[in-house]
Student: 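Next up is a structure, given as structure tokens.
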Amino acid sequence: MRADPGAASHLIGPAITDVAGEPAGSTQIARLVARYHWTAGYCNNRVVLEVACGTGQGLGLLQSRARKVYGCDLSAENLSSARQTHGTEVALIRTDAERLPVADESLDVVVLLETIYFLPSPSEFLKEARRVLVPGGHLLVSSINKDCPDFNPNHPLYFERYGVIDLVREFRKHGFTPECFGIIPMNEPSIRTKAFRPFKRLAVRLNMIPESMQARRVLKRIVFGRLQPMPTDIALIPGPDVAPVQLEINRPDAVHQVILCAGRLG
């Protein structure tokens, strides 16, 4: 694959939260590990592209399963961090999600994890995914679940909000046959999370969730307790004990924090 030099010029990429080495709560890390292990299950001996790969924590795991892995991101800083971890083992390209520098029908799997709500035009990305995938290929998307009671609808960088119904509708519109799964169940929260849930809901309702990364770290420390560095590579971290729960695709899910949607092309 070869990057188009102008591809990244028309879309400003948002800051990401899952940055390698940055302080993170245990739920945040568990979420990252769970979604990548789910993704890896579709990658055996496949040619895979992770779009918006960030600082590359999951690329090593995907590489351990796939025949070939590519990663792309709009941020040069993110890609530099990913290169420090993976060297030349994974091909990394600077481009945005809406104009992929990839030949038609050249990939088996396209991955976009917890990024779709940051895209100004998700339909353009879905068109691109359809173009570059072989017939029978898979598009894998994860999204924070708008139908979960803990969801914050006021995030300043969200262009759109997604639950099961929304993802299924978009996938079908672009020729994908979807199935959905849920991870990080919120129906049995920890004592700490349960205690702070009313305050979080009030803050969301009053639009008082802080926007700066530093302020969010302080809030995470209060809610989740001791923070730990976000891993740089999760290839050797075992997957969760509980597999993702398959969901009905014709109704919202109000239990899981994250929805995983796998769409088969054709």
Side-chain angles (χ1 to χ4, degrees), residues 11 14 31 34-44 46-53 58 62 66 70 72 95-149 151-153 155 157-186 243-266:
L11 180 63
R31 192 169 69 203
R35 68 180 184 248
Y36 273 109
H37 274 275
W38 170 78
T39 299
Y42 292 84
C43 295
N44 292 330
R46 301 289 193 266
V47 180
V48 180
L49 169 65
E50 183 181 4
V51 180
C53 66
L62 303 186
Y70 300 95
C72 71
T95 190
D96 70 56
E98 298 174 9
R99 288 193 292 175
L100 301 176
V102 184
D104 295 358
E105 298 187 7
S106 60
L107 299 172
D108 299 302
V109 181
V110 172
V111 181
L112 183 75
L113 301 180
E114 296 199 23
T115 302
I116 190 168
Y117 31 73
F118 293 137
L119 301 182
S121 181
S123 288
E124 291 302 312
F125 163 72
L126 289 163
K127 289 177 185 176
E128 281 288 86
R130 176 171 181 163
R131 177 183 67 81
V132 302
L133 281 168
V134 299
H138 279 90
L139 170 63
L140 307 177
V141 171
S142 75
S143 174
I144 300 295
N145 181 15
K146 76 171 191 181
D147 300 311
C148 181
F151 177 72
N152 172 20
H155 194 296
L157 296 176
Y158 286 177
F159 284 92
E160 195 53 80
R161 287 97 179 123
Y162 295 90
V164 170
I165 300 298
D166 312 277
L167 290 170
V168 166
R169 181 180 62 245
E170 292 301 315
F171 271 52
R172 284 176 169 167
K173 188 189 302 183
H174 292 87
F176 293 95
T177 301
E179 56 181 351
C180 291
F181 304 84
I183 59 171
I184 315 299
M186 302 301 289
V245 175
Q246 187 156 13
L247 305 173
E248 295 184 39
I249 61 174
N250 59 354
R251 67 177 187 176
D253 171 75
V255 172
H256 297 91
Q257 190 183 81
V258 176
I259 302 299
L260 310 171
C261 192
R264 186 177 185 274
L265 182 60

Student: Would you name the heavy atoms of D147 and G163 that are closest together and state the gap between them?
Tutor: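 Minimum heavy-atom separation between D147 and G163: OD2-CA, 3.6 Å.
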Student: Given L126 and E170, is the side-chain contact (heavy atoms from CB on, under 4.5 Å) satisfied, shown in steps?
Tutor: CA-CA 8 Å; L126 289 163; E170 292 301 315; 3.9 Å; yes
Student: For the residue pair V255 and C148, establish whether any side-chain heavy-atom pair is separated by less than 4.5 Å.
Tutor: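 No. Closest side-chain heavy atoms not under 4.5 Å.
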Student: Working to the nearest 0.5 Å, report the span between SG of C261 and CZ of F171.
Tutor: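 Rounded to the nearest 0.5 Å, the SG-CZ separation comes out at 4.0 Å.
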Student: Would the distance check show the side chain of S106 and the main-chain N or O of A103 forming a donor-acceptor pair, the cut-off being under 3.5 Å?
Tutor: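 Such a contact is found between S106 side chain and A103 backbone.
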Student: To the nearest 0.5 Å, what is the distance between OG1 (T39) and NE2 (H138)?
Tutor: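 The OG1 atom of T39 sits 11.5 Å away from the NE2 atom of H138.
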Student: Which atoms form the tightest heavy-atom contact between I116 and S142, and what is the distance?
Tutor: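 Minimum heavy-atom contact is CG2-O, 4.5 Å.
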Student: Are the side chains of W38 and I183 in touch, meaning some heavy atoms are under 4.5 Å apart?
Tutor: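 W38 vs I183: side chains apart.
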Student: Determine yes or no for a side-chain-to-main-chain donor-acceptor pair under 3.5 angstrom, with R131 supplying the side chain and L100 the backbone.
Tutor: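 Yes; at least one donor-acceptor contact below 3.5 Å.
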Student: Drop me the distance from L247's CG to E179's CD, to the nearest 0.5 angstrom.
Tutor: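 Separation between the atoms: 10.5 Å.
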Student: A side-chain contact here means heavy atoms from C-beta on lying under 4.5 Å apart; do V141 and L167 qualify?
Tutor: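 Yes, close enough: below the 4.5 Å cut-off.
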Student: Quick one, L112 and L119 - any side-chain contact, counting heavy atoms below 4.5 Å?
Tutor: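 Yes - at least one pair of side-chain heavy atoms lies under 4.5 Å apart.
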Student: Can you list the steps and then say if R31 with E114 is a salt bridge (Lys or Arg N to Asp or Glu O under 4.0 Å)?
Tutor: CA-CA 10 Å; R31 192 169 69 203; E114 296 199 23; 3.4 Å; yes
Student: Please report the shortest heavy-atom distance between Y162 and P122, naming the atom on each side.
Tutor: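 Looks like OH-CG, 3.2 Å.
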Student: If I compare all heavy atoms of A262 with all of Y42, which pair ends up nearest, and what's the gap?
Tutor: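 Closest pair (atom of A262, atom of Y42, distance): CB-OH, 3.4 Å.
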Student: So, the side chain of T95 versus the backbone of R99: is there a donor-acceptor pair under 3.5 Å, distance only?
Tutor: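 Between the backbone of R99 and the side chain of T95 there is a qualifying donor-acceptor contact (under 3.5 Å).
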Student: Checking F159 against Y117 for the side-chain contact (heavy atoms from CB on, under 4.5 Å) test, could you report, in this order, the C-alpha distance in whole Å, the side-chain angles of both residues, the deciding distance, and whether it holds?
Tutor: CA-CA 6 Å; F159 284 92; Y117 31 73; over 6 Å; no
Student: Within the 4.5 Å heavy-atom criterion, are V110 and L133 side-chain neighbours or not?
Tutor: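 Yes. Closest side-chain heavy atoms under 4.5 Å.
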Student: To the nearest 0.5 angstrom, please state how far the OG atom of S123 sits from the CD atom of E160.
Tutor: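 Answer rounded to 0.5 Å: 10.0 Å.
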Student: Is there a donor-acceptor contact under 3.5 Å from the side chain of N145 to the main chain of H256?
Tutor: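 Yes: the side chain of N145 pairs with the backbone of H256.
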Student: Taking side chain as C-beta onward, heavy atoms only, is F181 less than 4.5 Å from V245?
Tutor: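 SC-SC contact between F181 and V245 ruled out.
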Student: Would you mind reporting whether R172 and P178 have side-chain heavy atoms less than 4.5 Å apart?
Tutor: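 They are in contact (side-chain heavy atoms under 4.5 Å apart), so the answer is yes.
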Student: Can a donor-acceptor pair be found, under 3.5 Å and without considering hydrogens, that links the side chain of R46 to the backbone of N44?
Tutor: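 Between the backbone of N44 and the side chain of R46 there is a qualifying donor-acceptor contact (under 3.5 Å).
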Student: Considering non-hydrogen atoms only, spot the tightest contact between V168 and C180 and give its length.
Tutor: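 Heavy atoms only, the tightest pair is CG2-SG, 3.8 Å.
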Student: Between CG of L140 and CZ of R35, what distance do you get to the nearest 0.5 Å?
Tutor: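 Taking CG in L140 and CZ in R35, the distance rounds to 13.0 Å.
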Student: Any side-chain to backbone donor/acceptor pair from E98 onto S121? Under 3.5 Å, distance only.
Tutor: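 Confirmed, E98 side chain pairs with S121 backbone.
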Student: Find the distance between OG1 (T177) and CD1 (I249) and round it off to the nearest 0.5 Å.
Tutor: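 If we round to the nearest 0.5 Å, T177:OG1 and I249:CD1 are 9.0 Å apart.
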Student: Using 30° and 60° as the class limits, which term best fits the ring planes of Y158 and F151: parallel, tilted or perpendicular?
Tutor: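 The arrangement is parallel - the two ring planes meet at less than 30°.
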Student: For Y36, check side-chain hydrogen bond (donor to acceptor under 3.5 Å, both in side chains) against everything at least two apart and list the hits.
Tutor: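 Residues passing side-chain hydrogen bond (donor to acceptor under 3.5 Å, both in side chains) with Y36: E50.
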Student: Side chains of V134 and D108: closer than 4.5 Å at any heavy-atom pair?
Tutor: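 A side-chain contact exists here, since the closest heavy-atom pair is under 4.5 Å.
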Student: Side chain of R264, backbone of L139: donor and acceptor closer than 3.5 Å?
Tutor: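 Not confirmed, R264 side chain does not pair with L139 backbone.
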Student: State whether D166 and R161 are salt-bridged, where the test is any N-O pair (Lys NZ or Arg NE/NH1/NH2 against Asp/Glu carboxylate O) under 4.0 Å.
Tutor: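 Here D166 does not pair with R161 in a salt bridge, since their nearest N and O are not under 4.0 Å apart.
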Student: D253 vs I259, test: side-chain contact (heavy atoms from CB on, under 4.5 Å). Steps then yes/no.
Tutor: CA-CA 9 Å; D253 171 75; I259 302 299; 4.0 Å; yes
Student: Take V48 and Y70, measure what side-chain contact (heavy atoms from CB on, under 4.5 Å) needs, and give me the verdict at the end.
Tutor: CA-CA 6 Å; V48 180; Y70 300 95; over 6 Å; no
